[in-house]
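Report on one structure; see the data block that follows.
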Amino acid sequence: MTARHEHRFDAIVVGGGLAGLAATRRLAEAGLHVALVEKRDRLGGSSALSGGWFALSDTPVQRRAGVEDSDDVFLADMLETGGGFADPLLLRGLVAHQAHAVAAIDKADAWTDELKVSAGMTIARAHLIRIRGLLASLERDAVAAGAALLLGRPADALVKEGTRVNGIRSEGEVFAADAGVVLTTGGFSRSRELLDLFVPDQAPAMPYGGVGSTGDGLRMAWMLGAGLADVGHVAGTYGQHAEATDDEHELLTANYLGAILVNALGARFTDESESYKVLGSAVLNQPRRMAFQIFDARVRALSKPGVPLSDMERIEELGHLVNAPTLAELGRRLELPPGALEGTVEQYNESVAGRTADAFGRTGLVNGVGALLPVARAPFYAYPAVTAMTSTYGGLRVAPDTTVVRVDGSRIEGLSAAGEVVGGFHGASYMTGTALTKALVFGVVAADTITGGARLTT
Ligand SMILES: Cc1cc2nc3c(=O)[nH]c(=O)nc-3n(C[C@H](O)[C@H](O)[C@H](O)COP(=O)(O)OP(=O)(O)OC[C@H]3O[C@@H](n4cnc5c(N)ncnc54)[C@H](O)[C@@H]3O)c2cc1C
């Protein structure tokens with residue numbers, strides 16, 4: 001290597017979100033001299049912004065709630081959701097190593113009892129975790145074990161010796177990492193250039209996610225010949241107000257509680273129980289690229305204050321929920337064509353009552369599960385929402401032990417990647433909670449790979 005080493009560590013982790021903090025703690029606790037480099041002046045990334053839902057199977061929370069789940073059903077649901085595109089080896093690894101996530105959540109005392117069925121699930125498997133508490137606990141432990149946290153420090157390039165990665169370059173300085181580098185730089189939801197390149201039809205989605213999510217890790221590994229996975233399936237998430245701010249989690253999925261979606265013409269256009277990623281693409285094709293979540297007093301009563309995706313109180317406080325005593329009045333307030341909303345709801349209620357087949361094949365609240373409710377009890381509500389690019393679930397191709405793999409299938413020794421920078425887990429669609437679970441689980445697996453301690457069973 002020609003570059004001079006100005007800082008020497010055993011391992012470098014690039015990016016301080018959930019995956020990066022999990023990897024850093026594990027490496028430091030294994031006795032390695034490790035540095036976490038984060039380009040922003042604070043840790044957290046998209047992880048700190050997230051709803052905190054984790055997909056996990058066969059947990060004490062599920063057992064207490066009387067929910068019977070198993071690793072096999074979890075795997076089958078993910079394979080089904082991925083539509084044949086997700087890498088089964090990675091998914092088996094995720095299920096087999098869930099214990100890493102459970103142990104970290106235990107240690108942080110970050111469990112809640114909130115459990116629900118959400119996108120891509122046939123069983124209540126989305127667990128609400130106190131995400132900021134979890135991140136703080138990982139950071140505390142990493143520092144206590146001797147990790148160096150270098151904030152305001154962007155990695156610009158990977159450094160190689162022969163074919164092996166053994167460091168990074170940052171603002172003209174080299175940071176040596178003899179055992180290897182873990183890329184945990186998150187996704188590219190904030191890179192218009194990469195969105196235009198991979199999924200131009202999604203580019204009009206509202207940019208969202210951590211502001212550091214500009215695809216840096218993907219580009220750095222790409223420079224070394226890394227392969228890519230799932231990038232063509234990247235899709236925005238439906239359910240956020242167009243005026244949501246960068247720091248306010250404002251996603252609502254009232255459709256999974258019984259709401260219908262209608263477009264700016266007052267018409268339904270899809271099966272509302274589909275994954276919010278599938279709905280995101282459908283909404284981008286509607287007039288004004290938006291859709292209203294329309295629901296009644298029964299669904300409004302199911303709101304859970306403080307619970308992301310179901311918190312209607314917060315949305316009301318923000319002034320983003322419209323209500324009216326009748327459907328006709330609601331339609332007027334939303335400036336829909338006269339009579340359109342009443343007609344749409346009447347037709348929908350007929351199918352809920354079993355007198356006609358649903359025009360879009362909807363048979364359940366979410367993913368085909370849960371009994372449908374008519375939109376019938378006044379007052380009536382509308383949440384106008386758009387498709388936001390919250391996260392990009394395509395990225396680097398990795399082996400099940402997280403080593404980044406080149407386009408020809410060979411391994412880039414010394415380079416691991418975990419979290420949203422990685423592709424291959426989600427395929428064509430998305431199961432709620434799998435992004436955080438994979439970030440936490442594979443952050444730990446990446447650290448074990450770097451220390452040579454990975455004992456993968458897949
Ligand atoms: C609003 C919202 C809600 C979500 N809700 C959920 C949910 O409930 N459940 C779920 O599973 N998923 C959810 N997601 C997705 C999930 O949060 C992310 O996929 C996950 O947190 C990614 O974790 P990560 O550690 O890979 O990346 P991040 O948490 O984004 O961390 C990456 C870090 O790398 C840093 N970085 C980037 N480039 C560089 C560089 N060159 N040098 C140094 N540092 C760099 C960034 O600044 C950032 O701090 C949500 C996402 C959003 C935006």
Side-chain angles (χ1 to χ4, degrees), residues 12-24 35-56 101 114 116 118-120 126-129 131 134-135 138 149-158 168-171 175 181-191 206-221 236-237 239-240 244-251 253 276-277 307-309 388-393 395-396 417-422 425-426 430-443 446:
I12 305 274
V13 178
V14 187
L18 181 60
L21 282 165
T24 305
L36 170 62
V37 302
E38 163 58 51
K39 72 176 174 184
R40 299 195 68 210
D41 58 5
R42 61 186 143 115
L43 300 171
S46 287
S47 306
L49 254 186
S50 77
W53 293 102
F54 282 66
L56 297 162
E114 288 296 333
K116 67 173 180 178
S118 192
H127 297 67
L128 182 64
I129 302 303
I131 182 68
L134 174 59
L135 293 167
L138 291 169
L149 306 185
L150 309 180
L151 302 184
R153 174 57 83 175
D156 308 319
L158 296 164
I168 62 154
R169 198 184 303 268
S170 168
E171 299 178 318
F175 290 70
V181 171
V182 184
L183 285 177
T184 50
T185 47
F188 53 92
S189 61
R190 297 280 185 171
S191 168
M206 178 180 174
Y208 210 67
V211 299
S213 300
T214 48
D216 302 10
L218 191 137
R219 288 172 206 261
M220 285 187 262
T237 296
Q240 175 164 293
T245 59
D246 276 353
D247 295 321
E248 176 91 30
H249 183 287
E250 210 202 304
L251 287 164
T253 52
Y276 37 61
K277 293 270 172 191
V307 174
L309 304 181
M389 188 56 70
T390 59
S391 21
T392 49
Y393 296 137
L396 298 173
E420 201 178 311
V421 69
V422 169
F425 284 91
H426 305 290
Y430 176 65
M431 178 192 291
T432 301
T434 45
L436 288 172
T437 302
K438 92 175 176 198
L440 181 48
V441 167
F442 283 91

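A quick note: this is a predicted structure, and the numbers were derived from the prediction, not measured. Order of listing sets the numbers, starting from 1, for every ligand and every atom in it.
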Number the atoms of ligand 1 from 1 as they appear, then name those within less than 4.0 Å of a heavy atom of [X], with their elements.
X	value
Arg40	47 (O)
Gly44	29 (O)
Thr434	11 (O)
Tyr430	10 (C), 11 (O), 12 (N)
Gly419	26 (O)
Pro154	42 (N)
Val14	42 (N), 43 (C)
Thr184	32 (C), 33 (C), 34 (O)

Would you say [X] has any N or O atom under 3.5 Å from an N or O of ligand 1, going by distance alone?
X	answer
Gly20	no
Ala435	yes
Leu436	yes
Leu18	yes
Leu251	no
Thr437	no
Arg42	no

In Å, rounded to the nearest 0.5 Å, how long is the span from NE2 of His127 to CG of Leu436? 13.5 Å

Which protein non-hydrogen atom lies closest to [atom], naming both residue and atom, and how far is it?
atom	answer
atom 52 (C) of ligand 1	Thr390 CB, 3.9 Å
atom 8 (O) of ligand 1	Trp53 N, 3.0 Å
atom 41 (N) of ligand 1	Asp216 OD2, 2.8 Å
atom 45 (C) of ligand 1	Lys39 CG, 3.7 Å
atom 13 (C) of ligand 1	Ser50 CB, 4.0 Å
atom 42 (N) of ligand 1	Ala155 N, 3.0 Å
atom 14 (N) of ligand 1	Tyr393 OH, 3.8 Å
atom 24 (P) of ligand 1	Ser47 OG, 4.0 Å

Evaluate side-chain contact (heavy atoms from CB on, under 4.5 Å) for Trp53 paired with Lys116, printing each intermediate quantity in order. CA-CA 9 Å; Trp53 293 102; Lys116 67 173 180 178; 3.6 Å; yes

Just wondering, do [Y] and [X] contact through their side chains at under 4.5 Å, heavy atoms?
X	Y	value
Leu135	Ser47	yes
Tyr393	Thr434	no
Leu18	Leu134	yes

Between Tyr276 and Thr432, is any side-chain donor less than 3.5 angstrom from a side-chain acceptor? yes

N/O donor-acceptor pair under 3.5 Å between [X] side chain and [Y] backbone:
X	Y	answer
Glu38	Gly16	yes
Thr392	Phe188	yes
Arg190	Tyr208	yes
Ser170	Pro154	yes
Thr437	Ala55	yes
Ser46	Gly209	no
Thr237	Lys277	no

For atom 19 (O) of ligand 1, which candidate among Glu38, Arg153, Arg219, Glu420 provides the closest heavy atom? Glu420

Please state which option from Gly217, Gly186, Ser189, Ala388 has its nearest heavy atom closest to atom 27 (O) of ligand 1. Gly186

When Leu138 is tested against each of Leu21, Thr24, Leu43 for side-chain contact (heavy atoms from CB on, under 4.5 Å), which residue passes? Leu21

Measure Val211 to ligand 1 on non-hydrogen atoms and call it side chain, backbone, both or neither using the 4.0 Å cut-off. neither

Which is it for Tyr208 and ligand 1 at heavy atoms under 4.0 Å: side chain, backbone, both or neither? side chain

Per side chain to side chain donor-acceptor pair (under 3.5 Å), Lys39 is matched among Asp156, Thr185, Thr214 by Thr214

Would Gly209 count as a contact of ligand 1 if the rule is a heavy atom under 4.0 Å away? yes

If you apply the rule side chain to side chain donor-acceptor pair (under 3.5 Å), what do you find for Lys438 with His426, and how did you get there? CA-CA 10 Å; Lys438 92 175 176 198; His426 305 290; 3.0 Å; yes

